[in-house]
Trainee: 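The structure is given below, and queries will be raised subsequently.
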Amino acid sequence: MILVSERARRNRRPVHTEIVSRAREAGLADVAVLRGLDGHIGTSRRSSRGLLRRPDNVPVAVLIFDQEERLRKFLASLTGITEDCIVTLDIAEAYRYGSAGSDTRSRDRRDTG
């Protein structure tokens, strides 16, 4: 997981968007971006303005799932754009279920981050 400020930019492009693009180019298995409702990163000020108003700067989590060695290699390639980010690497069991309406499922042991 890479936690970054929504305002963080690299060449006028949001850092989380750049990370997702690079993850796709690297052929990583799964990527998701979650936008926070409230919070702050590091020393930035708290950004919440209430539930119905859009905060101006919230944390964004980029979740990437793949094998540990591939994730470590990918994270090393992000040098320069993850300076103000928080990165965690966790090992987890991942389950991938079949398509809708199918009762088949497969269980994959993956290292995820």
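FYI, the numbering just counts along the sequence from 1.
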Trainee: Could you state the interatomic distance from CZ (Phe74) to CD (Gln67), rounded to the nearest 0.5 Å?
Mentor: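 Result: 15.0 Å between the selected atoms.
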
Trainee: Could you check whether any side-chain heavy atom of Leu34 comes within less than 4.5 Å of a side-chain heavy atom of Leu63, counting everything from C-beta outward?
Mentor: yes

Trainee: Where is the tightest heavy-atom contact between Ala61 and Met1, given as atom of each residue plus distance?
Mentor: CB-SD, 4.0 Å

Trainee: Show me the pairs that pass salt bridge (Lys or Arg N to Asp or Glu O under 4.0 Å) and involve residues 13-29, at least two apart or across chains.
Mentor: Arg13-Glu18, Glu18-Arg22

Trainee: Look up atom CD1 in Ile91 and atom CG in Leu71, then write down how far apart they are to the nearest 0.5 Å.
Mentor: 10.5 Å

Trainee: To the closest 0.5 Å, what do you measure between OG (Ser21) and NE2 (His16)?
Mentor: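 NE2 of His16 is found 10.0 Å from OG of Ser21.
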
Trainee: Using modelled atom types and a 3.5 Å cut-off, is there a donor and acceptor pairing between side-chain atoms of Thr82 and backbone atoms of Thr79?
Mentor: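 Judged by distance alone, no pair lies under 3.5 Å.
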
Trainee: Have a look at Val20 and tell me which of Ile64, Val31, Leu28, Val15 forms a side chain to side chain contact (heavy atoms under 4.5 Å, CB included) with it.
Mentor: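 Testing each of Ile64, Val31, Leu28, Val15 against Val20, the sole residue satisfying side chain to side chain contact (heavy atoms under 4.5 Å, CB included) is Val31.
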
Trainee: Which residue in the set Leu75, Ile2, Val33 passes side chain to side chain contact (heavy atoms under 4.5 Å, CB included) when paired with Ile19?
Mentor: Ile2

Trainee: Do the charged groups of Glu68 and Arg72 touch, with an N to O distance under 4.0 Å?
Mentor: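 Salt bridge present between Glu68 and Arg72.
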
Trainee: Does any non-hydrogen side-chain atom of Pro59 lie less than 4.5 Å from one of Glu6?
Mentor: no

